[in-house]
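In what follows, a structure is listed as structure tokens, so that the remarks can point back to it.
For the numbers below, each heavy atom of this structure counts, side chains included, while hydrogens, waters and symmetry mates do not. Everything numeric in this text was worked out from a predicted model, so none of it was measured.
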Amino acid sequence: MTAATPVSPAAAPAPVPVHRRVAELAATHIGSWQQGYLHDRPQAVAALARLRRGAGREAGETPDLWGLIDTDPLHTRADNTRPLSELELVRAENALHTALTLWAFHQQSRGAPMHRRHTRERPGGLGAAVRRLMPADGTDEPVRKRLVRAGTAPDLVTLAQRLRDIVALLRRDDIPLDYALLAGQLYRWQRPDGPATVRSEWGRSFHEQRQTRPASDENTTPDSE
């Protein structure tokens, strides 16, 4: 009689990386506010005005935003997630504050959505967006230097200020940006090895867009925490 082959238990799914949780929470917040703002709903218009005042500032510096950006999902353990450490929560809240306030500044007085999710066919990462500010057959050196300066920022507050300068140019030309992707990158930027990794992603997407490839692949980042 042949012994039955033991059935291996199903492998547990990999935990959701923190930067992806931050990105999806940013997408949820912005999706609701953006739709409301474009339909001139008073609550969304008021929320955007409050968020805009925090652009380029440190999280916590604007008390008016304390009750507006809901970070409760980061404090609650859902399926396939783990509790976040205090340091991870601080980084996540910093990233959300920076991304959401920059989006509000970008969206101000614009009748089209300035947050647009990145896809291979329609790249929406920061590097690709900056490249779209330039002529197709050349490089605008001052604009390129703005991206370089953002990538070499010494701290998150300085980075937020330099990103605000870039967003002002994107707003001028109605060029959208994936703010969920940016939020996830801003979370990873705060890790010891983060600035170099994120800087490489921005540079890669800039050059890929310049070479007219189908799209940058900024979303295929390592799932490390």
Run the side-chain donor-acceptor check on residues 165-174: report pairs under 3.5 Å with partners two or more places apart or on a different chain.
unit_1	atom_1	unit_2	atom_2	d
R171	NE	F105	O	3.3
R171	NE	Q108	O	3.3
R171	NH2	Q108	O	3.0
D174	OD1	R110	NE	2.9

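- No side-chain heavy atom of V16 sits less than 4.5 Å from a side-chain heavy atom of E24.
- Using modelled atom types and a 3.5 Å distance limit, the side chains of Q107 and W33 yield no donor-acceptor pair.
- In this structure, CG on D193 lies 5.0 Å from OG1 on T197, to the nearest 0.5 angstrom.
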Using residues 157-164 as the side-chain source, report each donor-acceptor pair under 3.5 Å to any protein atom, sequence neighbours left out, with the distance given to one decimal.
unit_1	atom_1	unit_2	atom_2	d
T158	OG1	D155	OD1	2.8
T158	OG1	D155	OD2	3.4
R162	NH1	R149	O	2.7

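- Residues L177 and A129 share a closest heavy-atom pair of CD1-CB, 3.9 Å.
- Between L186 and N94, every side-chain heavy-atom pair lies at or beyond the 4.5 Å cut-off.
- Every residue two or more places apart in sequence or in another chain was checked for a ring pair (Phe, Tyr, Trp, His ring centres under 6.0 Å) with W189, and none qualifies.
- M134 contributes atom CE, which lies 7.5 Å from atom CG of L147 (distance to the nearest 0.5 angstrom).
- Follow the hydrophobic side-chain contacts under 4.5 Å out from L126 and you never reach V148; the two are in separate clusters.
- Taking CZ from R41 and CD from Q35, the interatomic distance works out to 5.0 Å, rounded to the nearest 0.5 Å.
- Shown here for Y179 and H115, the closest heavy-atom pair between the two residues is N-ND1, 3.1 Å.
- Nearest heavy-atom pair, G151 versus R199, reported as atom, atom and distance to 0.1 Å: O-NH1, 2.7 Å.
- Taking both residues in full, the closest heavy atoms of A183 and A99 are given as CB-CB, 3.7 Å, listed atom of the first, atom of the second, then distance.
- At least one side-chain heavy atom of W103 sits less than 4.5 Å from a side-chain heavy atom of Q34.
- The two residues D70 and D72 come nearest to each other via the heavy atoms OD1-N, 2.9 Å.
- The shortest distance between side-chain heavy atoms of L65 and T101 falls below 4.5 Å.
- In this structure, the side chains of I69 and L51 come closer than 4.5 Å at one or more pairs of heavy atoms.
- Residues L96 and V90 do not share a hydrophobic cluster, defined by chaining ILVMFWY side chains whose heavy atoms lie under 4.5 Å apart.
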Practice prompt. Could you check E88 against R91 for salt bridge (Lys or Arg N to Asp or Glu O under 4.0 Å), going step by step and ending with a plain yes or no?
Written response: CA-CA 5 Å; E88 288 172 326; R91 289 172 175 169; over 6 Å; no
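- A donor-acceptor contact shorter than 3.5 Å links the side chain of H106 to the backbone of I175.
- Between Y37 and A44, the shortest heavy-atom contact is N-CB, 3.4 Å.
- Here OG of S109 is found 11.5 Å from CE of M114. Values are rounded to the nearest 0.5 Å.
- To the nearest 0.5 Å, atom CZ of residue R21 and atom CG of residue L74 are 6.0 Å apart.
- Residue E201 holds its CD atom at 4.0 Å from CZ of R188, rounded to the nearest 0.5 Å.
- Among H118, R132, R131, the single residue meeting the side chain to side chain contact (heavy atoms under 4.5 Å, CB included) criterion with P123 is H118.
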